Colleague: 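Below is the structure I would like to discuss, written out as structure tokens.
Read the numbers this way: they start at 1 and go in the same order the structure lists the ligands and their atoms. Keep in mind that this is a model prediction, so the values were computed, not measured. FYI, side chains are in, hydrogens and waters are out, and symmetry mates aren't considered; it's all heavy atoms of this structure.
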Amino acid sequence: MGVPIPQSFAMPGMLLFSLFIFPQFAVGGITRHYHFDIMYQNVSRLCHTKHRVTVNGQFPGPRIVAREGDRLLIKVVNHVQNNISIHWHGIRQLRSGWADGPAYVTQCPIQTGQSYVYNYTIVGQRGTLFWHAHISWLRSTVYGAIIILPKHGAPYPFSKPYKEVPIIFGEWWNADTEAVITQALQSGGGPNVSDAYTMNGLPGPLYNCSAKDTFKLKVKPGKTYLLRLINAALNDELFFSIANHTLTVVEVDAIYVKPFETETILIAPGQTTNVLLKTKSHYPNATFFMNARPYATGQGTFDNSTVAGILEYEAPPHFLHSMNKISLYKPILPALNDTAFATNFSNRLRSLATSQFPANVPHKVDRRLFFTIGLGTSPCQSNQTCQGPNGTRFAASVNNVSFNLPTTTSLLQSHYSGQSNGVYSPNFPISPLIPFNYTGTPPNNTMVSNGTKLMVLPFNTSVEVVMQDTSILGAESHPLHLHGFNLFVVGQGFGNFDANKDPAKYNLVDPIERNTVGVPSGGWVAIRFLADNPGVWFMHCHLEVHTSWGLKMAWLVLDGKLPHQKLLPPPADLPKC
Ligand SMILES: *[C@@H]1O[C@H](CO)[C@@H](O)[C@H](O)[C@H]1NC(C)=O
Ligand SMILES: *[C@@H]1O[C@H](CO)[C@@H](O)[C@H](O)[C@H]1NC(C)=O
Ligand SMILES: *[C@@H]1O[C@H](CO)[C@@H](O)[C@H](O)[C@H]1NC(C)=O
Ligand SMILES: *[C@@H]1O[C@H](CO)[C@@H](O)[C@H](O)[C@H]1NC(C)=O
Ligand SMILES: *[C@@H]1O[C@H](CO)[C@@H](O)[C@H](O)[C@H]1NC(C)=O
Ligand SMILES: *[C@@H]1O[C@H](CO)[C@@H](O)[C@H](O)[C@H]1NC(C)=O
Ligand SMILES: *[C@@H]1O[C@H](CO)[C@@H](O)[C@H](O)[C@H]1NC(C)=O
Ligand SMILES: *[C@@H]1O[C@H](CO)[C@@H](O)[C@H](O)[C@H]1NC(C)=O
Ligand SMILES: *[C@@H]1O[C@H](CO)[C@@H](O)[C@H](O)[C@H]1NC(C)=O
Ligand SMILES: *[C@@H]1O[C@H](CO)[C@@H](O)[C@H](O)[C@H]1NC(C)=O
Ligand SMILES: *[C@@H]1O[C@H](CO)[C@@H](O)[C@H](O)[C@H]1NC(C)=O
Ligand SMILES: *[C@@H]1O[C@H](CO)[C@@H](O)[C@H](O)[C@H]1NC(C)=O
Ligand SMILES: [Cu+2]
């Protein structure tokens with residue numbers, strides 16, 4: 001058996017993260033066992049009690065704590081009516097693609113009554129990541145933190161915090177999200193939006209009937225806290241700020257960054273951000289709101305509400321009598337559409353790029369690709385009335401291909417067994433078939449094509465992709481998530497990418513390395529990665545509504561020649577369709 005990990009964060013109110021004492025024999029990593037029962041639980045928020053799919057009855061789900069180098073064996077048992085699969089978001093899954101989790105990409109779903117053991121080792125990564133359901137919209141309640149501590153004895157590249165506190169943002173829906181997306185895909189219209197944002201599952205006092213469900217962080221004066229922020233929301237990028245406190249960003253997506261100070265951070269779904277919070281040196285006789293609300297650029301409606309948590313200082317004894325009289329401060333967050341803030345914030349993110357934590361950005365490029373990222377339409381069935389633009393259905397695409405997942409196998413299984421005929425074709429377009437002014441007046445034909453096309457890469461190909469937002473149905477920021485790799489963000493800009501001028505401005509010294517990058521609204525981002533991990537790797541917008549509309553594609557990275565460059569065989573319990 002592995003070593004038990006304390007689940008001290010499961011209950012609101014039990015906020016302080018107790019560091020586990022790890023055994024000394026952890027040099028090469030140890031094996032840690034977790035058990036995830038996918039089960040219904042009644043969850044009460046905003047005066048509604050809802051029957052929801054959860055892990056182990058917890059919302060948010062259990063926290064995984066491990067060290068770099070450890071192996072994880074997570075047994076997932078499905079006790080609900082829905083199919084399920086779990087993705088370990090940001091874990092590189094070197095040669096263990098069978099454990100990545102996106103349904104119909106690397107595995108068939110775990111069906112009712114079945115189980116599957118996710119088996120993988122954490123190699124060369126430390127920091128904050130998270131896990132979530134990767135099928136339909138079940139991740140609305142099925143998610144939790146992954147905390148990867150450095151190897152035993154390896155310090156952080158910043159002073160040791162007094163306490164560590166995971167804060168995971170999510171959305172609370174009074175409606176059943178499975179019904180919401182099913183209905184939207186049937187009607188072709190935009191889906192409903194959430195009723196609240198949450199911080200560790202709690203909406204906080206700015207909603208009706210929610211004051212008791214408030215996340216409180218109790219702190220001591222003069223200490224440094226490491227907040228491990230995670231955005232697990234379905235459809236919204238979030239600004240986050242704590243009144244009267246400055247945050248120092250030290251890590252994103254489990255990569256150390258050059259520390260910088262900011263009042264507010266921006267965090268897209270799929271991203272994680274570690275910040276240091278230095279508390280005031282003396283008891284301030286005040287409490288402080290910690291608020292998050294969206295950054296939204298699209299044309300559609302969105303949940304524009306605000307989740308608030310409370311930063312509460314432990315009062316010295318003689319202050320206790322006046323606790324109910326102390327002042328309360330609120331942070332000022334950027335405007336909902338503050339793209340200037342978003343741009344400035346993302347430009348400040350730089351890899352630490354030291355000899356110990358180098359930025360191994362590819363300097364030579366084997367494949368240069370250009371992908372348009374954006375919305376579009378698809379036809380309505382002839383006898384139906386659709387609620388998308390002009391009676392069509394909403395769609396979304398990469399290079400005008402709206403991606404269809406297989407339904408009777410997974411892409412990885414079909415590749416591995418050599419039976420890809422009729423499942424996928426290896427011809428994902430390297431650039432748009434019909435170039436246009438991507439950020440100018442959109443073409444009058446907004447219809448997308450659809451298909452299951454993969455981009456095939458020989459082992460160790462060094463890839464550059466320019467992802468260009470389009471103005472079709474409105475420019476919009478899209479957080480693109482790449483499975484199986486980290487990507488380096490070597491450049492970004494507004495308008496159309498200029499292949500003659502823009503590459504000269506690339507940062508190949510200390511570009512930020514991460515697993516989810518925002519394609520700027522009305523702009524482009526250039527990324528690079530080395531395809532050194534054989535398997536089938538999903539890439540998709542982490543706004544769940546866009547993924548549902550087809551803003552997704554997959555890479556097929558072939559085996560290398562050497563034995564350690566090959567995908568391992570599938571585990572015996574890999575689910576069948
Ligand atoms: C949830 O509540 C309903 C209605 O009160 C009850 O019938 C059901 O057994 C509860 N389910 C769980 C998993 O607690
Ligand atoms: C996990 O995967 C490793 C590497 O393939 C394998 O050696 C080991 O037996 C697996 N463990 C279990 C419990 O399946
Ligand atoms: C908090 O910030 C406000 C606005 O800047 C300021 O007026 C107030 O004095 C600050 N309070 C504390 C306790 O820092
Ligand atoms: C949020 O959206 C609602 C409904 O569209 C609108 O009435 C309200 O003014 C908006 N609130 C903010 C803060 O923008
Ligand atoms: C704390 O602040 C409140 C309101 O600002 C004030 O009424 C109270 O007297 C203060 N308490 C102390 C002990 O200073
Ligand atoms: C942001 O929204 C405000 C009001 O809602 C509007 O006046 C402003 O033009 C918008 N800014 C951008 C950059 O879209
Ligand atoms: C559309 O027509 C098909 C074939 O005639 C029929 O099976 C289907 O139920 C119809 N759909 C609607 C929404 O009326
Ligand atoms: C809808 O139709 C109007 C009028 O024909 C046109 O101006 C507009 O571009 C169309 N929108 C889409 C998304 O096709
Ligand atoms: C693309 O459209 C934008 C906005 O209308 C315009 O400023 C730009 O000149 C156009 N670019 C080209 C190459 O036509
Ligand atoms: C659609 O665009 C084409 C090419 O730009 C143009 O020739 C055609 O007139 C447009 N059709 C409409 C209905 O605007
Ligand atoms: C996919 O494309 C085909 C034509 O290739 C079309 O008939 C079908 O309606 C499209 N499906 C969707 C969901 O758009
Ligand atoms: C679960 O997945 C299997 C295999 O893809 C499929 O046949 C079945 O219809 C799915 N069941 C549900 C409830 O979605
Ligand atoms: Cu998107």
Colleague: Ring centroid separation for Phe529 and Trp555, is it under 6.0 angstrom?
Modeller: yes

Colleague: Please work out whether the ring planes of His481 and His540 are parallel, tilted or perpendicular, with thresholds of 30° and 60°.
Modeller: perpendicular

Colleague: Check the angle between the aromatic planes of Phe341 and Phe239 and answer parallel, tilted or perpendicular using the 30° and 60° thresholds.
Modeller: perpendicular

Colleague: Less than 4.0 Å between atom 5 (O) of ligand 1 and some protein heavy atom, yes or no?
Modeller: no

Colleague: Would you check if the distance from the ring center of His542 to the ring center of His89 is below 6.0 Å?
Modeller: yes

Colleague: Closest non-hydrogen protein atom to atom 9 (O) of ligand 11, residue and atom name please, with distance?
Modeller: Pro379 CG, 4.5 Å

Colleague: If you scan the protein for heavy atoms around atom 11 (N) of ligand 1, do you find one that is closer than 4.0 Å?
Modeller: yes

Colleague: Can you name the N, O or S atom of His546 that is closest to the Cu ion (ligand 13)?
Modeller: ND1

Colleague: Please tell me whether Phe302 and Tyr295 form a close aromatic pair, meaning their ring centres lie under 6.0 Å apart.
Modeller: no

Colleague: With under 30° as parallel and over 60° as perpendicular, where do the rings of Trp88 and Tyr118 fit, or are they tilted in between?
Modeller: perpendicular

Colleague: When you measure from the Cu ion (ligand 13) to each N, O or S atom of His478, which atom gives the shortest distance?
Modeller: ND1

Colleague: To check your reading of the model: name the closest protein heavy atom to atom 13 (C) of ligand 1, its residue, and the distance in Å.
Modeller: Tyr40 O, 3.8 Å

Colleague: Hey, is the Cu ion (ligand 13) within less than 2.8 Å of some N/O/S atom on Cys541?
Modeller: yes

Colleague: So if I count the atoms of ligand 11 from 1 in the order they appear, which ones are less than 4.0 Å from some heavy atom of Ser378?
Modeller: 14 (O)

Colleague: Please report which non-hydrogen protein atom sits nearest to atom 3 (C) of ligand 1, along with the residue it belongs to and the distance in Å to one decimal place.
Modeller: Asn42 ND2, 3.6 Å

